[in-house]
Engineer: 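Once you've had a glance at the structure underneath, I'll fire off some questions.
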Amino acid sequence: QVQLVESGGGLVQAGGSLRLSCAASGRIFSINQMTWFRQAPGKQRELVAIVTSTDRTNYADSVKGRFAVSRDNAKNTTYLQMNSLKPEDTAVYYCYAVLTPLGSRLSADWGPGTQVTVSS
């Protein structure tokens, strides 16, 4: 079975940086799209960034110019580089992948999330 796991979260001061990673493991034929979401306390889960199989990217307006998403196809991993962090970036960040497991049909999976906390 395909599994996703995020890493790289932590506590940083405002203005600092973090790099999140999301690694997909298992019998994977291809990864069509990898997406980052986040959810802050009392708020709905929101889209943060997308990277497609052709390395096209898209970002939420709130993070444009500060965050950068990329992928390493050889490692089945996506990265979210977060710079100039603000307290409002505090949330649990989730990886969401649209992929094709080996010998199976297109599916989507969530990672368990990683906490990012930005202090003032």
Side-chain angles (χ1 to χ4, degrees):
Q1 289 186 316
V2 174
Q3 295 184 13
L4 303 176
V5 58
E6 303 96 339
S7 62
L11 174 64
V12 297
Q13 296 282 340
S17 298
L18 284 173
R19 190 181 75 155
L20 305 183
S21 299
C22 173
S25 62
R27 297 172 64 84
I28 300 170
F29 177 73
S30 64
I31 299 177
N32 300 81
Q33 181 174 285
M34 301 190 82
T35 306
W36 288 97
F37 287 80
R38 68 185 182 187
Q39 188 167 24
K43 296 184 178 180
Q44 293 184 332
R45 190 170 296 187
E46 64 176 345
L47 178 70
V48 177
I50 299 171
V51 59
T52 71
S53 61
T54 56
D55 291 323
R56 291 184 297 172
T57 59
N58 201 4
Y59 300 91
D61 289 340
S62 60
V63 306
K64 285 181 179 178
R66 300 189 297 119
F67 291 11
V69 64
S70 61
R71 62 188 292 166
D72 184 336
N73 292 331
K75 297 181 178 180
N76 289 327
T77 299
T78 183
Y79 304 95
L80 184 66
Q81 178 66 46
M82 305 185 296
N83 301 318
S84 301
L85 283 163
K86 304 175 181 179
E88 51 263 44
D89 295 319
T90 296
V92 177
Y93 284 71
Y94 297 91
C95 179
Y96 177 76
V98 179
L99 51 80
T100 303
L102 188 65
S104 188
R105 295 182 176 182
L106 188 70
S107 65
D109 294 288
W110 290 92
T114 185
Q115 177 71 48
V116 171
T117 302
V118 184
S119 62
S120 300

Engineer: Return each pair, listed once, that meets side-chain hydrogen bond (donor to acceptor under 3.5 Å, both in side chains) where at least one residue sits in residues 1-11; pairs must be two or more places apart or across chains.
Structural biologist: none
Engineer: Scan residues 100-120 for pairs that pass ring-ring contact (aromatic ring centres under 6.0 Å, His included), counting only residues two or more places apart or in two chains.
Structural biologist: F37-W110, Y96-W110
Engineer: Got a sec, which pairs hit disulfide bond (SG atoms under 2.5 Å apart) with one end in residues 20-99, sequence neighbours left out?
Structural biologist: C22-C95
Engineer: In the hydrophobic clustering that connects Ile, Leu, Val, Met, Phe, Trp and Tyr at side-chain heavy-atom distances below 4.5 Å, which members other than F29 occupy its cluster, ordered by chain and number?
Structural biologist: L102
Engineer: Considering only Ile, Leu, Val, Met, Phe, Trp and Tyr, and joining two whenever side-chain heavy atoms are under 4.5 Å apart, list the other residues clustered with V69.
Structural biologist: V2, V12, L18, L20, I28, I31, M34, W36, V48, V51, Y59, V63, F67, L80, M82, L85, Y93, L99, V116, V118
Engineer: Just grab all the salt bridge (Lys or Arg N to Asp or Glu O under 4.0 Å) pairs involving residues 80-91, residues at least two apart or on different chains.
Structural biologist: R38-D89, R66-D89
Engineer: Atom NZ in K64, atom OG1 in T57: separation rounded to 0.5 Å?
Structural biologist: 10.0 Å
Engineer: For the OG1 atom of T90 and the CD atom of Q115, what is their distance to the nearest 0.5 Å?
Structural biologist: 7.0 Å
Engineer: Side chains of R27 and P101: does their closest heavy-atom pair fall under 4.5 Å?
Structural biologist: no
Engineer: Give the intermediate values and the outcome of side chain to side chain donor-acceptor pair (under 3.5 Å) for residues T52 and Q33.
Structural biologist: CA-CA 4 Å; T52 71; Q33 181 174 285; over 6 Å; no
Engineer: Measure across A14 and S120 and return the closest heavy-atom pair with its distance rounded to 0.1 Å.
Structural biologist: CB-CA, 4.5 Å
Engineer: For residues S21 and T77, report the shortest heavy-atom separation together with the two atoms involved.
Structural biologist: CB-CG2, 4.5 Å
Engineer: Indicate the atoms forming the closest heavy-atom contact of Y94 with G113, along with that distance.
Structural biologist: CD2-CA, 3.6 Å
Engineer: Working to the nearest 0.5 Å, report the span between CG of L4 and OG1 of T78.
Structural biologist: 10.5 Å
Engineer: Are N32 and S53 close enough that a side-chain donor and a side-chain acceptor fall under 3.5 Å?
Structural biologist: no
Engineer: Before giving the answer on side chain to side chain donor-acceptor pair (under 3.5 Å), spell out for R56 and N58 the whole-Å C-alpha distance, their side-chain angles and the decisive distance to 0.1 Å.
Structural biologist: CA-CA 7 Å; R56 291 184 297 172; N58 201 4; over 6 Å; no
